[in-house]
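Accompanying notes for the structure given below.
Note that the coordinates shown come from a computational prediction; the quantities given were computed from them, not determined experimentally. In what follows, every chain begins at residue 1, and chains take the letters A, B, ... in the order their sequences are listed.
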Amino acid sequence: DAGVIQSPRHEVTEMGQEVTLRCKPISGHNSLFWYRQTMMRGLELLIYFNNNVPIDDSGMPEDRFSAKMPNASFSTLKIQPSEPRDSAVYFCASSGGPLGNTIYFGEGSWLTVV
Amino acid sequence: QQPVQSPQAVILREGEDAVINCSSSKALYSVHWYRQKHGEAPIFLMILLKGGEQKGHDKISASFNEKKQQSSLYLTASQLSYSGTYFCGTPNANAGGTSYGKLTFGQGTILTVHP
């Protein structure tokens with residue numbers, strides 16, 4: 001089975017540009033998470049969807065960040081406008097199915113804002 | 001609230017043992033352990049659902065003391081492949097032993113195994 005698929009794997013963009021990160025969760029999983037990882041702050045949960053509905057977005061840092069999950073197989077995380085401090089690895093993860101408690105991470109999207 | 005891991009870093013020689021601790025100031029319903037190698041995604045190791053539960057895989061095992069609100073990960077006879085950052089994750093305070101809820105991760109423990 002394919003795991004969580006994220007794109008792009010790497011992105012370098014200029015400050016002020018819009019960034020869109022994409023995620024395809026594991027088929028059959030009903031929970032999807034967006035995490036951000038930096039050296040300073042570690043792994044932070046940004047937003048969490050259950051059955052395509054945002055349940056908790058308290059970790060979204062600012063209004064510049066938005067996330068959507070239009071269907072069970074696709075989610076996006078958008079940053080507009082991007083700033084250098086947004087540089088991080090963004091992980092999408094999903095859980096559900098027979099092993100509901102296990103969270104499976106994608107390979108991550110490495111974002112650099114210059 | 002973020003669980004606290006200790007130590008922050010461990011350096012071992014192959015064959016040595018290590019213990020990584022994870023503690024929380026709030027009640028724990030389950031504890032998840034992950035390992036992340038540099039430049040890669042965190043990989044699930046194991047989940048402990050009940051207080052007192054112990055699990056093991058190969059030479060990596062873990063215990064969960066619900067009353068003390070802590071969990072420990074034991075690495076026995078460490079191998080070079082064990083090197084990486086280990087994270088514990090705890091779900092929101094939630095009724096029951098299982099939760100589909102979000103995980104809050106500790107700050108990580110960097111484990112380095114030398115030949």
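- With a threshold of 4.5 angstrom between heavy atoms, Gln107(B) does not approach chain A through any atom at all.
- Salt bridge Arg64(A)/Asp86(A): present, at least one basic N to carboxylate O contact under 4.0 Å.
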Exercise. Dump the intermediate steps for ring-ring contact (aromatic ring centres under 6.0 Å, His included) on His32(B) and Phe105(B), then the final yes or no.
Key: CA-CA 9 Å; His32(B) 304 229; Phe105(B) 287 93; 8.1 Å; no
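- Side-chain contact, Gln17(A) with Gln80(A): no donor N or O sits under 3.5 Å from an acceptor N or O.
- Screening residues 11-39 of chain A for salt bridge (Lys or Arg N to Asp or Glu O under 4.0 Å), with sequence neighbours left out, gives Glu18(A)-Lys78(A), Arg36(A)-Glu44(A).
- The stretch residues 105-114 of chain A places Phe105(A), Gly106(A), Glu107(A), Trp110(A) near chain B, each with some heavy atom under 4.5 Å from a heavy atom of that chain.
- Although no hydrogens or angles enter the test, the distance criterion places no donor-acceptor pair under 3.5 Å between the side chain of Tyr86(B) and the main chain of Gln36(B).
- Each of Met69(A) and Val4(A) belongs to its own hydrophobic cluster when Ile, Leu, Val, Met, Phe, Trp and Tyr are linked at side-chain heavy-atom distances under 4.5 angstrom.
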